Trainee: 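What follows is a single structure, and I will ask about it in a moment.
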Amino acid sequence: MQQRYFRPIVQTDPCRPEGALTLAGGWTWFSDVEVLHRDGTRGHLPARALPDEVRAALTAHRPVLAGLTLDRPRLMGILNVTPDSFSDGGRFDAPEAALAHGRALVEGGADILDIGGESTRPGAAVVPVVEEIERTAPVISALRAGGLRAPISIDTRKAAVAKAALEAGADLVNDVAAFTYDLALAGAAAQAHAPVCLMHAQGDPETMQNDPHYDNVLLDVYDFLAERVAVAEAAGIPRARIVVDPGIGFGKTLEHNLTLLRGLSLFHGLGCAVLLGASRKRFIGTLGHAPDPADRGPGSVAVALSGAAQGVQFLRVHDIRETRQALRLAEALWGVREA
Ligand code: HH2
């Protein structure tokens with residue numbers, strides 16, 4: 001029999017039918033799942049008919065991660081200390097500007113900051129380790145010295161950069177290569193007991209948008225992440241400390257991105273928290289008629305809300321105030337309590 005993949009059909013309606021299951025101990029629920037196969041056939045199943053281990057993975061409460069409870073969507077504010085990031089490159093790479101923007105993100109409603117010193121935009125070149133450390137670690141130290149208490153994530157593919165960041169006060173390692181670029185990063189995170197975010201990418205930033213192909217993008221990304229979660233566990237990182245991310249825009253066409261966004265809830269089956277990073281990305285510009293990334297806020301908010309409606313625990317965004325406001329309204333309508 002071919003492998004079956006189970007995608008919960010997620011609901012936010014305050015009226016839950018009897019027997020509905022809470023997704024990942026969070027704010028959404030499901031009573032039906034879509035069953036997917038690699039040959040493209042699809043079916044439906046009532047949630048009560050799920051195999052036990054699938055049901056357990058989909059419903060298990062996600063533990064506190066980097067100090068954050070995951071019973072409501074969490075906003076990750078993007079702080080790029082790079083000269084060349086696709087939407088804000090060069091704006092916050094001077095230390096004072098980075099500090100001010102980091103603080104502003106938290107004041108604006110970010111639950112966690114994601115600091116990156118290497119752009120991963122399509123076509124970007126690798127930054128030498130020493131330079132990436134010089135861009136990121138001092139900003140983290142200065143934010144901590146200034147009393148910032150919010151958790152900080154370091155967006156890097158490299159063990160040495162992550163180690164310096166963790167020593168400076170970072171809490172989470174966000175690796176867009178899911179340890180395929182530097183396997184030593186897994187050991188470094190395990191040793192520091194740091195949670196990690198493992199993201200799917202096809203190819204590296206320099207070449208990833210050159211005609212990406214998949215057999216079945218949703219299932220290929222799912223299988224990749226399942227394999228990388230196993231690698232992380234083998235390196236000593238327990239599943240409770242792993243976040244998975246389908247990597248919107250990383251080696252994906254517009255159609256690939258839409259398929260992943262429609263099917264996002266599948267990834268809860270990995271038994272980990274899920275992160276969505278779609279903010280200001282190219283497909284939002286294309287569909288939203290906004291060629292300038294700075295004009296993609298409204299479309300980015302729409303995509304973030306659709307992620308939250310599918311139970312995604314982390315939303316990585318540039319436009320914190322706007323997303324926080326939209327999320328407050330969505331949570332009120334869904335009946336999610338204020339933390
Ligand atoms: N996207 C970017 C960078 N890091 N990390 C995760 N986990 N998920 C993402 O989708 C993701 C990420 C790219 O966006 P940005 O940081 O704004 O741009 P750049 O890579 O040009 O610095």
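Heavy-atom basis, side chains included; hydrogens, waters and symmetry copies ignored. In this text the structure is predicted, and so the values were computed from the model without any measurement. Order of appearance sets the numbers: ligands from 1, and atoms from 1 within every ligand.
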Trainee: Could you note down all residue pairs passing ring pair (Phe, Tyr, Trp, His ring centres under 6.0 Å) where residues 261-310 supplies at least one of them, sequence neighbours left out?
Mentor: none
Trainee: Just by modelled atom types, is the A60 backbone N or O under 3.5 Å from a matching donor or acceptor in the R62 side chain?
Mentor: yes
Trainee: Any nitrogen or oxygen of G247 lying under 3.5 Å from a nitrogen or oxygen in ligand 1? Just yes or no.
Mentor: no
Trainee: I'd like to know if C197 contacts ligand 1, where contact means a heavy-atom distance under 4.0 Å to any ligand atom.
Mentor: yes
Trainee: I'd like to know whether ligand 1 has K281 as a neighbour, heavy-atom separation below 4.0 Å.
Mentor: yes
Trainee: Using a strict 4.0 Å cut-off to heavy atoms of S85, name the atoms of ligand 1 that fall inside it.
Mentor: 19 (P), 21 (O), 22 (O)
Trainee: Number the atoms of ligand 1 from 1 as they appear, then name those within less than 4.0 Å of a heavy atom of N80, with their elements.
Mentor: 15 (P), 16 (O), 17 (O), 18 (O), 22 (O)
Trainee: Name the closest protein heavy atom to atom 21 (O) of ligand 1, giving the residue it belongs to and the distance to 0.1 Å.
Mentor: S119 OG, 2.7 Å
Trainee: Which pairs of donor and acceptor atoms, one on a side chain in residues 158-170, lie under 3.5 Å apart (sequence neighbours left out)?
Mentor:
unit_1 : atom_1 : unit_2 : atom_2 : d
K158   : NZ     : E118   : OE2    : 2.8
K158   : NZ     : V127   : O      : 2.7
K158   : NZ     : E132   : OE1    : 2.5

Trainee: May I ask you to list the atoms of ligand 1 that are less than 4.0 angstrom from any heavy atom of D155?
Mentor: 3 (C), 4 (N), 12 (C)
Trainee: When you measure from atom 18 (O) of ligand 1 to every protein heavy atom, which one gives the shortest distance, and what is it?
Mentor: F86 CD2, 3.2 Å
Trainee: Tell me which one of R316, H318, R121 gets a heavy atom nearest to atom 14 (O) of ligand 1.
Mentor: R316
Trainee: Is a donor on one side and an acceptor on the other found under 3.5 Å between the side chain of R296 and the backbone of A290?
Mentor: yes
Trainee: Could an N or O of ligand 1 be found under 3.5 Å from any N or O of D84, whether backbone or side chain?
Mentor: no
Trainee: Checking contacts here: is it the side chain or the backbone of D245 that comes within 4.0 Å of ligand 1, counting heavy atoms only? Could be both or neither.
Mentor: side chain
Trainee: Using modelled atom types only, decide if a donor and an acceptor are shared between the side chain of R121 and the backbone of S87 within a distance under 3.5 Å.
Mentor: no
Trainee: Return a yes/no value for D114: is any of its N or O atoms, backbone included, closer than 3.5 angstrom to an N or O of ligand 1?
Mentor: no
Trainee: Would you say R280's side chain and A294's backbone share a donor-acceptor pair under 3.5 angstrom?
Mentor: no
Trainee: Looking only at non-hydrogen atoms, which of V196, N174, V243, I115 approaches atom 5 (N) of ligand 1 most closely?
Mentor: N174
Trainee: Provide the number and element of each atom of ligand 1 under 4.0 Å from a heavy atom of L275.
Mentor: 7 (N), 8 (N)
Trainee: Hey, mind stepping through I9 and F30 against side chain to side chain contact (heavy atoms under 4.5 Å, CB included) and telling me if it holds?
Mentor: CA-CA 6 Å; I9 300 171; F30 63 104; 5.5 Å; no
Trainee: Relative to the heavy atoms of V176, which atoms of ligand 1 are at a distance of less than 4.0 Å?
Mentor: 4 (N), 5 (N), 12 (C)
Trainee: Quick test of your reading of the model: are D204 and R157 salt-bridged, counting only N-O distances below 4.0 Å?
Mentor: no
Trainee: What verdict does the side chain to side chain contact (heavy atoms under 4.5 Å, CB included) test give for H200 and R228, after you've listed the backbone C-alpha separation in whole Å, the side-chain angles of each residue and the deciding distance to 0.1 Å?
Mentor: CA-CA 9 Å; H200 173 274; R228 299 321 291 172; over 6 Å; no
Trainee: Using side chain to side chain contact (heavy atoms under 4.5 Å, CB included), reason through L327 and L305 one step at a time and then give a plain yes or no.
Mentor: CA-CA 7 Å; L327 202 51; L305 285 189; 4.0 Å; yes
